[in-house]
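Scroll down for the structure; my scribbles are underneath it.
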Amino acid sequence: AAMLGKVPKVVVVVCMLRGNKVLLGRRRSSLGDSTFSLPGGHLEFGESFEECATREVKEETGLDIEKLEFLTVTNNMFLDKAEPYQYVVISMRAALADHQQPQNIEPEFCDGWGWYEWDNLPKPLFSPLEKAVQAGFNPFPF
Ligand code: 8DG
Ligand code: MG
Ligand code: MG
């Protein structure tokens, strides 16, 4: 009954790469509160994945991005909740368009953004990101 009328949603997340580091923020959300996740959000009607990635990163961090590339798609399910969710998550990677610092534009949803070495990621990661990393996901092109 909890699933009645529920539909999967499409989300685009972005691995912002700078050297050997990736941009993560600590979530303020009923889903994965206090865990570290990538910038991103829901695909709006009529948007390309690239447009969504560019918009969400700008809305959440103020950053302008370039060199957007598709990485992978995952089916992220949070079903063991009073309010279950399912997200089809398009993961992209991107670089900074020029030298810029991330700003915490949505402090109600994020404690702040920081650059983290891929080999020394902060804990706890948001559960679907942790699962992907465990499975060998790596956004770097080398
Ligand atoms: P929007 O209203 O701006 O479109 O969405 P948002 O407020 O930015 O939503 P979000 O929580 O950032 O992203 C939507 C959902 O996507 C989130 O609740 C769960 C799912 N999601 C994952 N992995 C990740 C991830 O690494 N980062 C983000 N931001 N969301 C993720 O499954
Ligand atoms: Mg978001
Ligand atoms: Mg957003």
Side-chain angles (χ1 to χ4, degrees), residues 1-97 100-142:
M3 310 288 175
L4 203 65
K6 302 288 289 186
V7 292
K9 293 179 180 169
V10 180
V11 164
V12 177
V13 300
V14 186
C15 297
M16 290 298 307
L17 305 185
R18 199 187 72 176
N20 63 343
K21 293 182 178 168
V22 65
L23 190 73
L24 297 171
R26 198 195 279 263
R27 299 173 66 78
R28 287 269 80 104
S29 169
S30 53
L31 207 55
D33 193 50
S34 293
T35 65
F36 289 87
S37 77
L38 300 161
H42 298 92
L43 184 72
E44 292 182 359
F45 190 82
E47 265 185 337
S48 68
F49 297 149
E50 290 79 7
E51 286 166 343
C52 180
T54 301
R55 177 183 54 75
E56 284 287 347
V57 170
K58 186 74 179 177
E59 285 175 2
E60 297 183 354
T61 72
L63 296 170
D64 295 309
I65 66 178
E66 64 177 24
K67 296 181 188 147
L68 266 167
E69 290 178 273
F70 169 79
L71 291 175
T72 190
V73 59
T74 52
N75 189 4
N76 298 350
M77 291 188 260
F78 306 86
L79 301 180
D80 55 346
K81 314 251 178 227
E83 170 105 64
Y85 290 101
Q86 180 175 4
Y87 297 102
V88 175
V89 176
I90 313 299
S91 294
M92 316 278 294
R93 73 169 165 233
L96 289 173
Q100 312 161 60
Q101 305 294 339
Q103 300 161 251
N104 194 19
I105 296 181
E106 297 180 336
E108 64 276 37
F109 299 125
C110 179
D111 281 346
W113 299 101
W115 297 101
Y116 297 92
E117 289 177 17
W118 189 256
D119 293 336
N120 192 18
L121 291 170
K123 290 186 179 72
L125 290 179
F126 188 32
S127 58
L129 183 58
E130 173 67 27
K131 202 173 147 192
V133 171
Q134 294 292 332
F137 173 71
N138 185 324
F140 289 87
F142 39 79

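Each ligand, and each atom within it, is numbered from 1 in the order the structure gives.
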Q: Please report the closest heavy-atom contact between Trp113 and Pro102, naming both atoms and the distance.
A: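 Taking Trp113 first and Pro102 second, the nearest heavy atoms are CB-CB, 3.9 Å.
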Q: Heavy atoms only: give me the nearest Leu17-Pro139 pair and the separation to one decimal.
A: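 Looking at all heavy atoms of both residues, the closest pair is CD1-O, 3.5 Å.
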Which of the numbered atoms in ligand 1 are under 4.0 angstrom from any heavy atom belonging to [X]?
X      : value
Arg27  : 11 (O), 17 (C), 18 (O), 28 (C), 29 (N), 30 (N)
Pro128 : 22 (C), 23 (N), 32 (O)
Val11  : 14 (C), 15 (C), 16 (O)
Leu31  : 18 (O)
Val89  : 22 (C), 32 (O)
Glu56  : 1 (P), 3 (O), 4 (O), 8 (O)

Q: Would you mind reporting whether Thr74 and Pro128 have side-chain heavy atoms less than 4.5 Å apart?
A: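 When only atoms from C-beta onward are counted, Thr74 and Pro128 do not touch, as no gap falls below 4.5 Å.
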Q: For the residue pair Trp118 and Val133, establish whether any side-chain heavy-atom pair is separated by less than 4.5 Å.
A: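 Touching, per the 4.5 Å side-chain cut-off.
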Q) Do any of the N, O or S atoms of Glu106 sit under 2.8 Å from the Mg ion (ligand 3)? A)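 No, since none of the N, O or S atoms of Glu106 sits under 2.8 Å from the Mg ion (ligand 3).
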Q. Who's the nearest protein heavy-atom neighbour of atom 32 (O) of ligand 1, and how far?
A.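 Nearest protein contact, heavy atoms only, for atom 32 (O) of ligand 1 is Asn76 ND2, 2.8 Å.
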Q: Would you mind checking which non-hydrogen protein atom is closest to atom 2 (O) of ligand 1, with the distance to 0.1 Å?
A: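 Among all protein heavy atoms, the one nearest atom 2 (O) of ligand 1 is His42 ND1, 3.8 Å.
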Q. Within less than 2.8 Å of the Mg ion (ligand 2), any N, O or S from Phe109?
A.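 So Phe109 does not count as coordinating the Mg ion (ligand 2).
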Between [X] and ligand 1, find which residue part has any heavy-atom pair under 4.0 Å and reply side chain, backbone, both or neither.
X      : value
Lys9   : neither
Phe126 : side chain
Glu60  : side chain

Q.
Considering Leu38, Thr35, Val12, Val14 one by one, which has a heavy atom nearer to atom 28 (C) of ligand 1 than any of the others?
A.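 When every heavy atom of Leu38, Thr35, Val12, Val14 is considered, Leu38 comes closest to atom 28 (C) of ligand 1.
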Q. Would a 4.0 Å cut-off, counted as strictly less than, catch a protein heavy atom around atom 16 (O) of ligand 1?
A.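 Yes, because at least one protein heavy atom sits under 4.0 Å from atom 16 (O) of ligand 1.
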Q) With respect to the Mg ion (ligand 3), what is the nearest N, O or S atom of Glu60? A)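 Closest to the Mg ion (ligand 3) among those atoms: OE2.
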Q) Nearest to the Mg ion (ligand 3), which N, O or S atom of Glu56 do we find? A)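 In Glu56, the N, O or S atom with the shortest distance to the Mg ion (ligand 3) is OE1.
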Q) Between Arg55 and Glu51, does at least one N-O distance fall below 4.0 Å, as a salt bridge requires? A)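 No.
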Q: Would you mind checking if Asp33 and Arg28 are paired as a salt bridge, meaning a charged N to carboxylate O distance below 4.0 Å?
A: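 Salt bridge flag = yes for Asp33 with Arg28.
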Q) Can you find a non-hydrogen atom of Val13 under 4.0 Å from ligand 1? A)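 Right, Val13 reaches ligand 1.
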